[in-house]
Amino acid sequence: MKTKLFLLLTPILLSCFALLPIAQAAPSPSNVNVVNTPNVNVVNTPASPVPVRDVDNPAKQPFQAEAMGGFADGASTTGDIPITTVPAGKRLVIEHVSVFGTMLPGQKMVRAVMHRFSVFGHSLVISAQGSNADGSSDYFVASELIRFYDNDGLPVAWEAERDSSAGANLAGIDINCDGYFVDCPTCAQ
């Protein structure tokens, strides 16, 4: 009986010693040498909240836009559909784009791109979603975080492409994008 108890307790005791280095305490703040720490005193009462702002970036002015377009009979692309033109003295930063495509049955949306009128663009990853309940439309989506900058005065636009040119689908694509404008006095236009 003593041998069995010894054989059972020995591995447990050895495990405790093996885990001892893991259980050691991290150095306390008194053991850490911190230099160049400024003093910060914040006094806040419910009647006077402390304002917070990002001092490294100018004020962000929200931007959201939606544009719709489709395919004419005989066309496989939508052509350039304008979203916005950046005002003088501003820089546009688009951070998110989503696309919803309603296609004719059996057709696929194969490309969606947002660009500065064919100068620079972001192609989006298109995902098939299936068909609607009565089978009259096939759905496709894209939703992506991006970083798109424009301050040269060219219109920001999008274009989509399908795998067919048969049939009119004039309101088949809906694109939404959001981001912000920032003041940019040095932006040339």
Side-chain angles (χ1 to χ4, degrees), residues 49 51-189:
V52 177
R53 65 184 177 96
D54 186 349
V55 296
D56 294 329
N57 291 316
K60 295 178 180 178
Q61 301 145 27
F63 168 81
Q64 292 180 320
E66 178 180 34
M68 298 175 75
F71 304 95
D73 190 17
S76 63
T77 65
T78 59
D80 291 327
I81 309 292
I83 296 172
T84 190
T85 299
V86 180
K90 302 282 184 184
R91 173 174 288 136
L92 174 61
V93 180
I94 296 177
E95 296 182 309
H96 184 262
V97 176
S98 64
V99 176
F100 179 73
T102 303
M103 305 303 294
L104 297 172
Q107 292 185 4
K108 295 180 184 126
M109 187 168 136
V110 294
R111 184 175 65 92
V113 62
M114 188 172 75
H115 58 85
R116 292 180 354 206
F117 260 86
S118 302
V119 176
F120 176 79
H122 282 284
S123 294
L124 306 172
V125 177
I126 306 296
S127 298
Q129 299 299 301
S131 301
N132 64 354
D134 67 5
S136 63
S137 297
D138 291 342
Y139 295 143
F140 296 84
V141 298
S143 182
E144 293 184 25
L145 293 173
I146 64 170
R147 188 63 65 147
F148 185 91
Y149 300 96
D150 187 14
N151 61 294
D152 58 13
L154 293 174
V156 177
W158 66 269
E159 182 181 40
E161 185 176 354
R162 61 182 174 168
D163 68 345
S164 174
S165 59
N169 186 4
L170 300 180
I173 310 295
D174 182 13
I175 186 167
N176 291 276
C177 55
D178 59 303
Y180 55 89
F181 287 109
V182 291
D183 293 331
C184 183
T186 61
C187 293
Q189 289 196 23

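Heavy atoms only: backbone and side chains are in, while hydrogens, waters and symmetry mates are out.
Checked for salt-bridge contact, Arg91 and Asp150 miss the test: no charged N lies under 4.0 Å from a carboxylate O.
Using modelled atom types, one side-chain atom of Gln107 and one backbone atom of Ala166 make a donor-acceptor pair closer than 3.5 Å. Under a 3.5 Å cut-off, the side chain of Asn176 and the backbone N or O of Glu66 do not form any donor-acceptor pair.
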- prompt: Can Asp183 and Gln61 be said to form a side chain to side chain contact (heavy atoms under 4.5 Å, CB included), step by step?
  reply: CA-CA 9 Å; Asp183 293 331; Gln61 301 145 27; 3.1 Å; yes

- request: Evaluate side chain to side chain contact (heavy atoms under 4.5 Å, CB included) for Ser143 paired with His96, printing each intermediate quantity in order.
  value: CA-CA 7 Å; Ser143 182; His96 184 262; 3.0 Å; yes

- prompt: What do the steps show when you test Phe181 against Val86 for side chain to side chain contact (heavy atoms under 4.5 Å, CB included), and what is the final call?
  reply: CA-CA 8 Å; Phe181 287 109; Val86 180; 4.1 Å; yes

- prompt: Is there a side chain to side chain contact (heavy atoms under 4.5 Å, CB included) between Val156 and Met114 once you walk through the steps?
  reply: CA-CA 7 Å; Val156 177; Met114 188 172 75; 4.1 Å; yes

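Residues Ser165 and Phe71 have side chains not in contact (no heavy-atom distance under 4.5 Å, counting atoms from C-beta outward). The shortest distance between side-chain heavy atoms of Arg111 and Glu159 falls below 4.5 Å. Using a 4.5 Å cut-off on side-chain heavy atoms (C-beta onward), Val110 and Ile126 make no contact. Taking the side chain as every heavy atom from C-beta outward, Glu144 and Val125 approach each other to under 4.5 Å. Within the 4.5 Å cutoff, side-chain heavy atoms of Arg147 are placed close to those of Glu95.
The CE atom of Met109 sits 8.5 Å away from the CZ atom of Phe140 when rounded to the nearest 0.5 Å. The structure places OG1 of Thr78 at 11.0 Å from CG of Asn169, a figure rounded to the nearest 0.5 Å. Put simply, OH on Tyr180 and NZ on Lys90 are 13.5 Å apart, with the number rounded to the nearest 0.5 Å. Between the OG1 atom of Thr102 and the CG atom of Asp138 there is a distance of 9.5 Å, given to the nearest 0.5 Å.
What you find for Ala157 and Asp80 is that their closest heavy atoms are CB-CB, 4.4 Å. Considering every non-hydrogen atom in both Val141 and Gln129, the closest pair reads CG2-NE2, 3.3 Å. When all heavy atoms of Ala160 and Ile173 are compared, the pair lying nearest together is CB-CG1, 4.1 Å. The two residues Ile83 and Ala67 make their nearest non-hydrogen contact at CG1-CB, 4.3 Å. For Thr77 against Glu161, the heavy-atom pair with the smallest separation is CG2-CG, 3.8 Å. In terms of heavy-atom proximity, Ala142 sits nearest to Leu124 at CB-CB, 3.9 Å.
Partner Cys177 forms a side chain to side chain contact (heavy atoms under 4.5 Å, CB included) with one of Ile94, Val99, Thr84 and no other, that one being Ile94.
Ring geometry, Tyr139 versus Phe100: the interplanar angle falls from 30° to 60°, so the pair is classed tilted.
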